[in-house]
Structures are given as structure tokens and as C-alpha cells.
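One structure is given below, encoded as C-alpha cells.
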Amino acid sequence: MDEFVIKHMFLQSIIEREKFSFIENEDNIAGHIGYGLDNNAARMTGTSITSICENNKNKKFVFHLLCNNISEENIHRFERLAQQYKIDINMYFLDIKSPLLRNLATTSLFPLPIWYRIFFPYILKTDIFLYLDTDIICIADIFNLFKMSITNEIIGVVADFKSVREKATKKLKLKNYMYFNSGFMLINIQKWNYYNITQNLLNILEQNKTLLDQDVLNILFSQKPHFYLSDIYNNIGLWCESEEVIKNKLKEIKLIHFANHPKPWSILWQYEKRPYMENIYNKYEKLSPWREMPLELPQNYHHKRWYAEILRNEGKIKESLYWYWQYIKGKYEL
């Protein structure tokens with residue numbers, strides 16, 4: 001499809017907008033940050049925003065949310081969050097059945113909002129834009145990102161965890177290339193649009209309709225100008241390190257990406273031993289309008305079996321049998 005047509009189709013898929021604006025002086029705006037989400041990801045998005053505000057207290061950011069199926073309760077929470085930190089939160093509600101969005105590749109673990117990141121350049125006028133996955137938590141000042149001079153490159157990224165990138169580059173046949181994690185992208189909006197990146201990404205997807213966003217982005221950017229930042233801006237595999245390494249790295253890291261499972265808002269998280277990291281997410285959620293939410297019960301059948309086995313090992317046979325049944329129903333679609 002033509003770039004103009006794609007942009008028009010995307011703008012048509014925005015069915016409603018909500019703006020919560022509490023920045024009194026626009027000259028004080030430090031940068032623009034965006035997330036793609038559905039209602040299931042609202043609490044972690046709010047917690048991520050909270051963590052940024054808490055660690056950048058003298059900076060005012062504008063947050064942009066491309067989203068679908070957000071409950072009224074969560075919309076009100078985002079409004080309270082904007083008021084709490086005197087920031088701007090712009091919400092764009094998308095029609096997931098629109099012609100442009102309805103056929104994008106998804107899985108149970110990777111729902112439609114994974115694709116929303118590629119459409120932000122259609123709605124933003126700023127020079128530099130930071131995209132973050134909803135499961136990223138900020139633990140230090142990140143204002144330096146918005147002071148970087150990005151003139152020739154389209155995006156700044158962080159290489160993925162070693163085992164992931166080695167497997168992915170082999171699968172995608174990307175020789176002599178450093179596969180990146182798309183949960184963090186510092187985007188040069190002008191360059192992105194100049195190179196028609198969104199159009200090119202969708203063209204690649206058209207040729208292989210099962211590819212997910214991260215693979216498509218890496219295929220394209222293996223041929224496009226980009227640069228790599230330190231993993232302090234998108235640290236993924238920290239909990240695989242020794243306790244001493246974790247302790248020391250936490251002094252340097254800016255953004256922690258809870259990309260693996262279980263997630264810190266899951267009931268399964270409490271059974272994981274992650275030295276120095278157990279309460280990082282919870283610390284910020286307790287400061288947010290989502291502070292009263294209970295831990296999330298297992299959502300997919302893999303996690304239901306996991307939870308059943310934990311309960312069995314604890315001697316909670318009745319509860320364990322219930323979750324084994326939930327696992328069976330989910331796996332075999334009973």
C-alpha cells in the first residue's frame with residue numbers, strides 16, 4: 001500500500017481521543033514518550049509512567065497512549081495519574097476491527113498493541129520520540145536521551161539478550177547483524193517518515209503474515225540506519241546474573257525491562273527468587289492509581305499449569321486441582 005493510504009487508514013482507525021493536560025507551561029516539556037496497550041496492560045503502563053515521573057521529578061513529559069478496549073475505570077486512573085504528577089497524557093482509542101489493524105499478526109502472549117509502536121510517527125510532530133513497552137520500569141533519570149543528537153539515524157535501540165538475538169538472527173538469516181529488542185526505541189520522527197518506515201514494515205509483513213513486530217523491525221533495519229545504546233536503557237536479562245552483578249548493575253541501569261515471565265504484577269512472581277529486584281515494580285505501583293489492585297491470576301494455559309504445580313508442591317491439593325482443570329480447558333479449548 002501507498003504511504004499516504006496507510007496513514008489515512010490509520011487516522012481513520014482512531015475512533016476517539018482523550019487528553020489529560022496538566023503541564024502549565026509547554027516550554028517546560030522535557031520529551032514525548034509513548035506506549036501501545038489494551039486494558040490488560042493498563043496497570044503496568046500506569047506504573048511505568050509513575051516510575052518515570054518519580055525518577056525525573058524536575059522534568060515534565062507528555063505521554064501518548066495508542067490503545068484499545070480501555071475500561072472507564074482505567075481511563076479515570078490515567079486522568080488521576082496525569083493530575084498527580086502534573087503531566088500530559090494523550091489517549092488515542094483504536095478500532096481493532098479496522099481494515100489496517102484487524103489482520104496484523106498476533107499470539108496469546110503478543111496481542112495487537114505490539115504493532116501500535118510503528119504508527120506513532122503518524123500522529124506526533126516532535127523531533128525525537130521515545131517508545132517503551134508497558135513492562136519497562138524506570139529507576140533513574142532518563143532526560144539525557146532527549147538531548148541526544150540524532151541526525152542521520154532513524155532509531156536508537158538496544159541489543160536483545162544474547163541467547164534471543166543469536167536464535168533470532170539465525171532464524172531470520174541476518175548475518176553479521178545485532179538483533180535488537182523493540183521494547184525500547186528512540187525514534188527520529190522526521191527520518192522515520194522520510195524513509196517510509198511504516199509502509200516498508202507492512203510490506204515485509206505482507207510477504208510473511210506470521211512475523212511479529214520485532215522480527216519485522218529487525219529485518220528492515222538490517223538495511224536502514226540505526227544506532228545502539230547501552231543496555232542500561234533496556235536491561236532485559238539482569239536476573240540471570242549473580243547477586244553481586246545484579247547489585248552493582250542496578251547502580252547504573254536506567255530502564256529495566258521485565259520481558260520474561262512471570263511478570264511482577266502476577267501472583268506467580270512471588271514464587272520467583274530475584275535478588276534485589278523483587279520489589280522494584282511494586283514500589284512504583286504502590287505510588288500509582290493502581291495501588292489497590294490484587295496480583296493478577298494466571299491468564300494463559302502455560303501459567304495455569306505452572307500455578308497448579310506450585311500449589312501442589314505446597315500441599316494445596318484442592319486449589320491445585322482447580323488450576324490443573326483450568327489448564328486443561330485452556331490448552332484443549334474445552
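In this structure, Q214 contributes its side chain and N181 its backbone to no donor-acceptor pair below 3.5 Å. Between the N56 side chain and the K59 main chain, no donor and acceptor come within less than 3.5 Å of each other. Side-chain N or O atoms of N188 include one that pairs as donor or acceptor with a backbone N or O of I150 at under 3.5 Å. Judged purely by atom type and a 3.5 angstrom limit, N234 has no side-chain atom pairing as donor or acceptor with the backbone of I256. Using modelled atom types, no side-chain atom of E153 and backbone atom of P225 make a donor-acceptor pair closer than 3.5 Å. Counting only distance, with no hydrogens or angles, the side chain of W269 and the backbone of E278 share a donor-acceptor pair below 3.5 Å. Of the possible polar contacts, one joining the S242 side chain to the V245 backbone as a donor-acceptor pair under 3.5 Å is found. When atom types are taken as modelled, the side chain of D133 and the backbone of D135 share no donor-acceptor pair closer than 3.5 angstrom. In this structure, the side chain of R117 engages the main chain of I114 through a donor-acceptor pair within 3.5 Å. Checked by atom type and distance alone, the side chain of Q299 pairs as donor or acceptor with a backbone atom of L297 at under 3.5 Å.
Using a 4.5 Å cut-off between side-chain heavy atoms of Ile, Leu, Val, Met, Phe, Trp and Tyr, with links allowed through other members, I128 and I29 fall into different hydrophobic clusters. Both L205 and L220 belong to a common hydrophobic cluster when Ile, Leu, Val, Met, Phe, Trp and Tyr are linked at side-chain heavy-atom distances under 4.5 angstrom. Hydrophobic cluster membership is shared by Y194 and I154, with clusters built from Ile, Leu, Val, Met, Phe, Trp and Tyr side chains linked at under 4.5 angstrom. Residues M148 and V62 do not share a hydrophobic cluster, defined by chaining ILVMFWY side chains whose heavy atoms lie under 4.5 Å apart. Cluster membership for M185 and Y177, using ILVMFWY side-chain heavy atoms within less than 4.5 angstrom, is shared.
From L202, atom CG reaches atom CG of L104 across 6.5 Å, with rounding to the nearest 0.5 Å. To the nearest 0.5 Å, atoms NE2 (H257) and CD1 (I136) are separated by 4.5 Å. Expressed to the nearest 0.5 Å, how far CE of M178 lies from CD of E166 amounts to 9.5 Å. Distance check: K304 NZ to Y324 OH gives 15.0 Å after rounding to the nearest 0.5 Å. In this structure, CH2 on W306 lies 14.5 Å from OH on Y327, to the nearest 0.5 angstrom. Separation of atoms CG (N74) and CG (L37) is listed at 9.0 Å; rounding is to 0.5 Å.
For the pair D127 and I189, the minimum side-chain heavy-atom distance is 4.5 Å or more. Proximity of T47 to R291: side-chain heavy atoms (C-beta onward) are nowhere separated by under 4.5 Å. Counting only heavy atoms from C-beta outward, the side chains of L172 and I219 approach each other to under 4.5 Å. The closest side-chain heavy-atom distance from N69 to I96 is below 4.5 Å. Side-chain contact between R77 and E73 is present, with at least one heavy-atom pair separated by less than 4.5 Å. Between I49 and I33, every side-chain heavy-atom pair lies at or beyond the 4.5 Å cut-off. Within the 4.5 Å cutoff, side-chain heavy atoms of Y195 are placed close to those of K224. For the pair N68/P113, a side-chain contact is recorded, criterion being any heavy-atom separation below 4.5 Å from C-beta on.
Nearest heavy atoms, N55 versus C138: ND2-O, 2.9 Å. When all heavy atoms of T50 and Y284 are compared, the closest pair comes out as CG2-O, 3.5 Å. Shown here for I236 and N260, the closest heavy-atom pair between the two residues is O-ND2, 4.4 Å. Across all their heavy atoms, R43 and Y281 have their closest contact at O-OH, 3.7 Å. When all heavy atoms of V158 and L229 are compared, the closest pair comes out as CG2-O, 3.8 Å. What you find for L255 and Y233 is that their closest heavy atoms are CD1-O, 3.1 Å.
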key: Derivation of the salt bridge (Lys or Arg N to Asp or Glu O under 4.0 Å) call for R305 and E309   = CA-CA 6 Å; R305 178 175 179 177; E309 291 173 350; 3.1 Å; yes

inquiry  = Under the criterion side-chain hydrogen bond (donor to acceptor under 3.5 Å, both in side chains), I'd like the reasoning laid out for W192 against T198: C-alpha separation, chi angles, the key distance, then a yes or no.
reply    = CA-CA 8 Å; W192 180 289; T198 302; 3.0 Å; yes

inquiry  = Checking N300 against H303 for the side chain to side chain contact (heavy atoms under 4.5 Å, CB included) test, could you report, in this order, the C-alpha distance in whole Å, the side-chain angles of both residues, the deciding distance, and whether it holds?
reply    = CA-CA 6 Å; N300 63 63; H303 294 165; 3.4 Å; yes

request  = Apply side chain to side chain contact (heavy atoms under 4.5 Å, CB included) to W115 and L101, showing your working.
outcome  = CA-CA 9 Å; W115 289 101; L101 302 178; 5.9 Å; no

key: Test side chain to side chain contact (heavy atoms under 4.5 Å, CB included) applied to L212 and V216, step by step   = CA-CA 6 Å; L212 297 176; V216 175; over 6 Å; no

L250/I246 under side chain to side chain contact (heavy atoms under 4.5 Å, CB included): CA gap, chis, key distance, verdict = CA-CA 6 Å; L250 282 173; I246 293 173; 4.0 Å; yes

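The aromatic rings of F119 and Y122 sit tilted relative to each other, their planes meeting at an angle between 30° and 60°. Using bins of under 30°, 30° to 60° and over 60° for the plane-to-plane angle, the ring pair F180/H226 lands in the tilted bin. The aromatic rings of Y307 and Y271 are tilted relative to each other, their planes meeting at an angle between 30° and 60°.
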Tell me which donor-acceptor pairs under 3.5 Å the side chains of residues 82-89 have, and how far apart each pair is, sequence neighbours excluded?
from, atom 1, to, atom 2, distance (Å)
Q84, NE2, L287, O, 2.9
Y85, OH, E54, OE2, 2.6
K86, NZ, Q83, O, 3.0
D88, OD1, S21, OG, 3.2
D88, OD1, F22, N, 2.9
D88, OD1, I23, N, 3.0
D88, OD2, S21, OG, 3.3

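Taking the centre and axis of the six-membered ring of F258, the NZ or CZ atom of K263 falls outside the cone set by 45° and 6.0 Å.
Centroid-to-centroid, the aromatic rings of F146 and F61 come within less than 6.0 Å. Checked against the 6.0 Å centroid threshold, F129 and F120 count as a close aromatic pair.
Around NE2 of H8, the count of heavy atoms belonging to other residues, nucleotides or ligands within 6.0 Å does not exceed 12. Counting non-hydrogen atoms of other residues, nucleotides and ligands closer than 6.0 Å to CG of N25 gives a total above 12.
Applying the side-chain contact (heavy atoms from CB on, under 4.5 Å) criterion to N152, with sequence neighbours excluded, gives no partner residue.
Between K247 and E243 there is no salt bridge, since no side-chain N of the basic residue sits under 4.0 Å from a carboxylate O of the acidic one.
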